[in-house]
Amino acid sequence: MSLQRRILILVTAVALLAAVGVLAVVRASSRADEKDHARAGGPPVTPGAVSLAAAGGGRRIVFRNMAWGPHRDELATVAAGAPEGPRTASGVSCLRFHAAGGTGICLQADRGGLQEGYRAVVLDARLKEVSAHPLGGLPTRARVSPGGHLAAWTVFVGGDSYAGTNFSTRTSVLDLRTGTLDASLEDFTILKDGKPYRSADVNFWGVTFAADERTFYATLATGGRTHLVRGDLGERTVTTLRENAECPSLSPDGTRVVFKKRVLGLPAEAPWRLYALDLASGAEHPLAEQRSVDDQVVWTDDRTVVYALPGDFGADLYAVPADGSGAPARLVDSALAPAFLG
């Protein structure tokens, strides 16, 4: 083969690769633009005022709106009694969100610099920014204490999924009463099996707070195993309670946690089932949801929990009784990260 022909083949190959790259970018851009247009049959979404205050008018849900249209990713609200009704969008965009006691925590993209980063934004009851804190990784979990005085968040700082083992997280807790930020729970003293424990591979995620605004529960991972831990913010300690429990969520009455548990025999990429644990007796039972749930559930009351599963437009919210009875039911389409208020 002549040199001229080789050059021609090389140039042709480079041109084809460039064309494929341009086509991929165009398709991705087109897909992104498509999400800015409302889909027929989707929930009606209109801009308006969204409050986190416990005002009159009945219970409501505030969540990240995943419905396609100009208000996608904004915090939106619906009446809890009519969750598929019209949505009011706030104009505030969050990747992860939670609220309680008139306080919200919004983990959002920060596009202010040369490179996109992330930040944790504390919101007041009118969704006005109270404070902001830079994040060192991809947002994944967020929680506010029942009284609205504490906020916690978790980010991935290596890897991007809990399904495998090759990841690292960082979990922070902010006390809004004092402004004290515990940047990493890894700085707390760990009591494992009744003894002080230290290891370089420690990771925490999935904080849930008790009503005393001091006690919390979370996941500790070390040595290839996960543990449910109880934490004390005053003593700066965490104590292991049991193995194989991730992303706990404490019931409003403080007696139970619902968590995701790895079950042998399930696919490596979808290994979890939801379980409820009675903290006093240590008894646990599975919930009726048979699908793998990679989420930290939210309690609507002392009887029911809500969680997200993948949907046609990002995620949908489902509800299931916490006592193991009944069956899961879809609650809200195209929604993520709910908070039940009022």
Side-chain angles (χ1 to χ4, degrees), residues 98 105 120 133 135-146 149-159 161-178 180-251 254-262 271-272 275-282 284 294 296-297:
H98 188 246
I105 185 69
H133 309 269
L135 300 178
L138 184 68
T140 174
R141 300 287 182 239
R143 228 29 158 217
V144 175
S145 62
H149 300 302
L150 301 167
W153 55 84
T154 299
V155 300
F156 282 122
V157 294
S161 172
Y162 293 109
T165 58
N166 184 27
F167 67 85
S168 180
T169 62
R170 183 168 296 120
T171 294
S172 305
V173 177
L174 174 65
D175 190 328
L176 299 172
R177 295 164 296 191
T178 64
T180 301
L181 174 64
D182 286 306
S184 176
L185 289 184
E186 294 171 29
D187 296 330
F188 280 37
T189 298
I190 300 171
L191 300 175
K192 183 174 179 288
D193 302 323
K195 300 177 182 179
Y197 177 83
R198 294 179 64 87
S199 178
D201 73 343
V202 163
N203 282 298
F204 289 93
W205 65 86
V207 168
T208 182
F209 293 105
D212 65 7
E213 304 284 322
R214 171 171 173 154
T215 304
F216 66 91
Y217 296 84
T219 305
L220 161 67
T222 184
R225 299 177 183 273
T226 59
H227 305 262
L228 174 67
V229 298
R230 181 177 59 243
D232 187 311
L233 290 171
E235 299 293 333
R236 292 176 58 82
T237 60
V238 294
T239 303
T240 59
L241 301 179
R242 68 194 298 117
E243 285 190 9
N244 194 12
E246 303 181 43
C247 294
S249 183
L250 185 64
S251 61
T255 64
R256 293 154 292 155
V257 293
V258 168
F259 60 93
K260 61 180 191 179
K261 176 179 179 177
R262 291 177 186 264
W272 297 291
Y275 276 72
L277 168 70
D278 184 280
L279 291 170
S281 69
E284 68 174 46
D294 183 11
Q296 185 175 19
V297 307

Distance-only donor-acceptor check, side chains [X] and [Y], under 3.5 Å:
X: R143; Y: T154; value: no
X: S249; Y: Q296; value: no
X: S184; Y: D187; value: no
X: T222; Y: Y197; value: yes

For V157 and L138, what are the C-alpha separation, side-chain angles and deciding distance, and is it a side-chain contact (heavy atoms from CB on, under 4.5 Å)? CA-CA 7 Å; V157 294; L138 184 68; over 6 Å; no
If you compare all heavy atoms of [X] against all heavy atoms of [Y], which two are closest, and at what distance to 0.1 Å?
X: A120; Y: I105; value: CB-CD1, 4.2 Å
X: N203; Y: T169; value: OD1-N, 2.9 Å
X: A245; Y: L228; value: CB-CB, 3.8 Å
X: S172; Y: L181; value: CB-CD1, 4.1 Å
X: G206; Y: P248; value: O-CD, 3.4 Å
X: D232; Y: F188; value: O-CE2, 4.0 Å

Enter the distance from [X]:[atom1] to [Y]:[atom2] here, rounded to the nearest 0.5 Å.
X: L174; Y: T178; atom1: CG; atom2: OG1; answer: 7.5 Å
X: T237; Y: I190; atom1: OG1; atom2: CD1; answer: 10.5 Å
X: F204; Y: R170; atom1: CZ; atom2: CZ; answer: 13.0 Å
X: F216; Y: L233; atom1: CZ; atom2: CG; answer: 5.0 Å
X: T180; Y: D175; atom1: OG1; atom2: CG; answer: 5.5 Å
X: L220; Y: L185; atom1: CG; atom2: CG; answer: 10.0 Å

Less than 4.5 Å apart, any side-chain heavy atom of [X] and any of [Y]?
X: F209; Y: V207; answer: yes
X: E186; Y: T171; answer: no
X: W153; Y: W205; answer: no
X: V229; Y: K192; answer: no
X: L277; Y: Y217; answer: no

Does CZ in R177 sit with more than 12 non-hydrogen atoms of other residues, nucleotides or ligands closer than 6.0 Å? yes
NZ/NE/NH1/NH2 to OD/OE distance under 4.0 Å, R214 and E235: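 A salt bridge is present here (some side-chain N lies under 4.0 Å from a carboxylate O).
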Ion pair present between R225 and D201, side-chain N to carboxylate O less than 4.0 angstrom?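 Judged by the 4.0 Å cut-off on N to carboxylate O distance, R225 and D201 do not form a salt bridge.
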Pair D212, R230 - check salt bridge (charged side-chain N to carboxylate O under 4.0 Å, His left out), show working. CA-CA 13 Å; D212 65 7; R230 181 177 59 243; over 6 Å; no
If we check side chain to side chain donor-acceptor pair (under 3.5 Å) with K261, which of these qualifies: E246, E243, E284? E284
Would a line drawn from the ring center of F259 to the ring center of W272 be shorter than 6.0 Å?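 No, ring centres 6.0 Å or more apart.
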For [Y], does its backbone N or O pair with a side-chain atom of [X] as donor and acceptor, under 3.5 Å?
X: S251; Y: R256; value: yes
X: T140; Y: V155; value: no
X: H98; Y: V144; value: yes
X: T219; Y: C247; value: yes

For the pair D193 and T240, evaluate side-chain contact (heavy atoms from CB on, under 4.5 Å) and give the outcome as yes or no after the intermediate values. CA-CA 7 Å; D193 302 323; T240 59; 4.3 Å; yes
